[in-house]
Student: 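Mind looking over this structure? Questions follow.
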Amino acid sequence: GYNAPDDGGGGDFIWDSASTATVNYGTIFQLTAGGAGRWLRMPAAESVNVLWFGADNTASRDTSVDVQRAYDYAVGTPFSREVFFPRGDYICSINLTDNLVELVGASVYSVALSPSTTTGAIFTIADASGTLQPCRISDFTLRGIGTRQGYGIDCASGATAALVRDVYFDNFDACVR
C-alpha cells in the first residue's frame with residue numbers, strides 16, 4: 001500500500017539504478033534525496049488510480065495534493081488518460097487543465113467527493129489558452145460541505161464547458177458555475 005497495507009496504493013515496481021526521473025510520489029519514487037536510482041511503477045494500467053499517489057478514500061484528510069499529482073501525471077503521459085477514483089469518500093479540490101484526461105469514479109453510488117473548503121469547488125476547469133475542449137467527468141457524487149456553499153464544478157479562466165455524465169450534485173450554491 002501507499003500509506004498502509006492493502007490501501008490500494010501498492011503495485012509492481014522495478015528498480016532503475018541509473019534513473020534520475022522526477023519523483024512524483026505515485027509512479028516514481030526515490031529512496032534517498034539526491035543522486036540516481038528510482039523505483040518505477042510498471043505501466044500495466046490504462047487508468048491512473050488516485051490511491052497510487054496517496055489519496056485518502058476515507059474522508060479523514062484533505063487529499064487535494066495527492067489527487068492533483070495523479071491528474072498531472074495523467075496529463076503528462078501518453079499511456080494513461082483516465083484518472084480513476086476507487087470507491088470511497090474523498091476531500092479534494094483540483095485544477096483541470098487538459099481536455100484529454102477523463103476523471104472517473106467507480107460508480108455514482110460508491111464515490112463521493114467533497115471540496116477542501118466550504119466556499120470552493122471540487123473541480124476547477126481553467127483554460128487560459130482558450131483551446132480546452134469540454135472536460136470529461138463521470139460517475140461521482142459531488143457533495144458540498146456546510147450550508148450550501150461553493151460549487152461542484154467551476155468553469156473559470158476561459159473554460160466554456162464540461163462533459164458531465166452520471167454525476168449527482170448535493171448541497172452546493174450551484175452545481176456548475
Student: Only one of Val167, Val111, Val104 passes side chain to side chain contact (heavy atoms under 4.5 Å, CB included) with Asp139; say which it is.
Tutor: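 Single pass found, and it is Val104.
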Student: If you draw a 6.0 Å radius around CZ in Phe169, do more than 12 non-hydrogen atoms from other residues or ligands fall strictly inside?
Tutor: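 Enclosed: over 12 neighbouring heavy atoms sit under 6.0 Å from CZ of Phe169.
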Student: If you define the side chain from C-beta out and look only at heavy atoms, does anything of Met42 sit under 4.5 Å from Phe13?
Tutor: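 The answer is no; the side chains never approach within 4.5 Å.
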Student: For the atom pair CH2 (Trp52) and CG (Asn24), what is the distance rounded to the nearest 0.5 Å?
Tutor: 10.5 Å
Student: In Å and rounded to the nearest 0.5 Å, what is the CH2 to CD distance from Trp39 to Gln30?
Tutor: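 Reported value, rounded in 0.5 Å steps: 13.5 Å.
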Student: Side-chain contact test, heavy atoms from C-beta onward, threshold under 4.5 Å: evaluate it for Tyr71 versus Leu96 and give yes or no.
Tutor: yes
Student: For the pair Tyr90 and Phe85, name the ring-plane relationship: parallel under 30°, tilted 30 to 60°, perpendicular over 60°.
Tutor: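 Ring orientation of Tyr90 relative to Phe85: perpendicular.
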Student: Could you list the residues that satisfy ring-ring contact (aromatic ring centres under 6.0 Å, His included) with Tyr168, not counting sequence neighbours?
Tutor: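 Listed in chain order: nothing, the list is empty.
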Student: With side-chain contact (heavy atoms from CB on, under 4.5 Å) as the test, would you mind laying out the steps for Leu103 and Phe123 before giving the verdict?
Tutor: CA-CA 10 Å; Leu103 293 107; Phe123 299 120; 3.8 Å; yes
Student: Report yes if the side chains of Thr27 and Leu40 come closer than 4.5 Å at any heavy-atom pair, otherwise no.
Tutor: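 SC-SC contact between Thr27 and Leu40 ruled out.
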Student: Under the salt bridge (Lys or Arg N to Asp or Glu O under 4.0 Å) rule, what pairs show up with a residue in residues 50-66, not counting sequence neighbours?
Tutor: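 Matches after skipping sequence neighbours: Arg61-Asp66.
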Student: Quick check against the 3.5 Å criterion: does Ser93 have a side-chain atom that pairs as donor or acceptor with the backbone of Ala121?
Tutor: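 Answer holds: yes.
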Student: Any side-chain to backbone donor/acceptor pair from Glu82 onto Val101? Under 3.5 Å, distance only.
Tutor: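 Absent.
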Student: Contact between Ser47 and Val83 at the side-chain level, heavy atoms closer than 4.5 Å - yes or no?
Tutor: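 Ser47 vs Val83: side chains apart.
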Student: Is the number of heavy atoms from other residues, nucleotides or ligands under 6.0 Å of Tyr109 OH greater than 12?
Tutor: no
Student: Among residues at least two apart in sequence or on other chains, which ones pass salt bridge (charged side-chain N to carboxylate O under 4.0 Å, His left out) with Arg69?
Tutor: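 Checked Arg69 against salt bridge (charged side-chain N to carboxylate O under 4.0 Å, His left out); zero matches.
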Student: Return yes if some donor-acceptor pair links the side-chain N/O of Thr119 with the main-chain N/O of Gly150 below 3.5 Å, else return no.
Tutor: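 Pair absent, no side-chain N/O of Thr119 close to backbone of Gly150.
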Student: Under the 6.0 Å and 45° cation-pi test, does Arg38 pair with Trp15?
Tutor: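 Verdict for Trp15: no cation-pi partner in Arg38.
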Student: Using a 3.5 Å distance criterion without hydrogens, assess whether the side chain of Asn57 forms a donor-acceptor pair with backbone atoms of Arg87.
Tutor: yes
Student: Please confirm whether the backbone N or O of Val75 pairs with a side-chain atom of Arg81, one donor and one acceptor, at under 3.5 Å?
Tutor: yes
